[in-house]
Amino acid sequence: SAVISQKPSRDICQRGTSLTIQCQVDSQVTMMFWYRQQPGQSLTLIATANQGSEATYESGFVIDKFPISRPNLTFSTLTVSNMSPEDSSIYLCSVRGGADNEQFFGPGTRLTVL
Amino acid sequence: AQSVTQLDSQVPVFEEAPVELRCNYSSSVSVYLFWYVQYPNQGLQLLLKYLSGSTLVKGINGFEAEFNKSQTSFHLRKPSVHISDTAEYFCAVSDNQGGKLIFGQGTELSVKP
């Protein structure tokens, strides 16, 4: 299994500012994913981040709003830019790994935008 | 394209009663199927998964699920629930080649004494 940590665990931010969320994995992984879970909703994939290439964004998400870095095989960041109250969500980092290629999730970052 | 439908948004049950959480999927290729649990204010934890082989899959905490290809279903069951099973349950699907998971809308299981 993979152990994933995220920083910060939660934050309260002002409208118009940006927040960078960090994701650290205890082993090297090729594929990392960023999800958003809006209040009372399911998880929606924002983008897939592979080391050494540009992140691939899902429909409805753009790089200008959610820039992602993937500098090595154990780390990634997601920035939520120019935030509005609609960005209030839990943001989760996820990786695939293990013998069965299953997906593991970090504890999430709970973001509130005022 | 793949999709997942969880037919019940909320399932209230009494303690020690059996429960079934329903999940149907749509895919044009072979799939991996998963159930995740999310306890209040916590991240997602894998309950069980179907990759191949036996269609009856047993997971943690006494849960099991059965893959039914003809009905494109992967329902989650537990014969006797506990108060501690109160949580949100998500069904998810991924294809054999790609890495991303597609999640259902979630089912809130509420176990009452």
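Lettering follows sequence order; numbering is per chain, from 1.
Both the backbone and the side chain of A/L43 come within contact range of chain B, with heavy atoms under 4.5 Å apart. Contact of B/Q6 with chain A is not made at all, since no heavy-atom distance falls under 4.5 Å. Of the two parts of B/L44, the backbone and the side chain both hold a non-hydrogen atom closer than 4.5 Å to a non-hydrogen atom of chain A. Interface remark: A/Q6 contributes no atoms to any contact with chain B (heavy atom separation under 4.5 Å).
Summarising the geometry of A/R96 relative to B/F34, their closest heavy-atom pair is NH2-CZ, 4.1 Å, with the distance given to 0.1 Å.
The closest donor-acceptor contact from the side chain of A/S42 to the backbone of B/G106 lies at 3.5 Å or more, if one exists at all.
Rounded to the nearest 0.5 angstrom, A/F105 CZ and B/Y36 OH are separated by 5.0 Å. Once rounded to the nearest 0.5 Å, the distance linking CG of B/L101 with CZ of A/F33 reads 7.5 Å.
Under the 4.5 Å side-chain heavy-atom criterion for Ile, Leu, Val, Met, Phe, Trp and Tyr, B/L76 and B/I102 are members of the same hydrophobic cluster. The hydrophobic clustering, which links ILVMFWY residues whose side-chain heavy atoms are closer than 4.5 Å, places B/I60 and B/F74 together. Note on B/L33 and B/F63: same hydrophobic cluster, where clusters join Ile, Leu, Val, Met, Phe, Trp and Tyr whose side-chain heavy atoms are under 4.5 Å apart, directly or indirectly. Following chains of ILVMFWY side-chain contacts shorter than 4.5 Å, one cannot reach A/L78 starting from A/L45, and the two form parts of different hydrophobic clusters. Both B/I83 and B/V13 belong to a single network of hydrophobic side chains, linked directly or stepwise wherever heavy atoms of I, L, V, M, F, W or Y lie under 4.5 Å apart.
By the 6.0 Å contact criterion, CD on B/E16 is open, its count of non-hydrogen atoms from other residues, nucleotides or ligands being 12 or less. Within 6.0 Å of CD in A/E54 there are 12 or fewer heavy atoms belonging to other residues, nucleotides or ligands.
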Go through it in stages, so that I can follow the logic: the residues are B/F103 and A/Q37, the test is side-chain contact (heavy atoms from CB on, under 4.5 Å), and I'd like the CA-CA distance, side-chain angles, deciding distance and then a yes or no.
CA-CA 11 Å; B/F103 283 86; A/Q37 186 179 20; over 6 Å; no
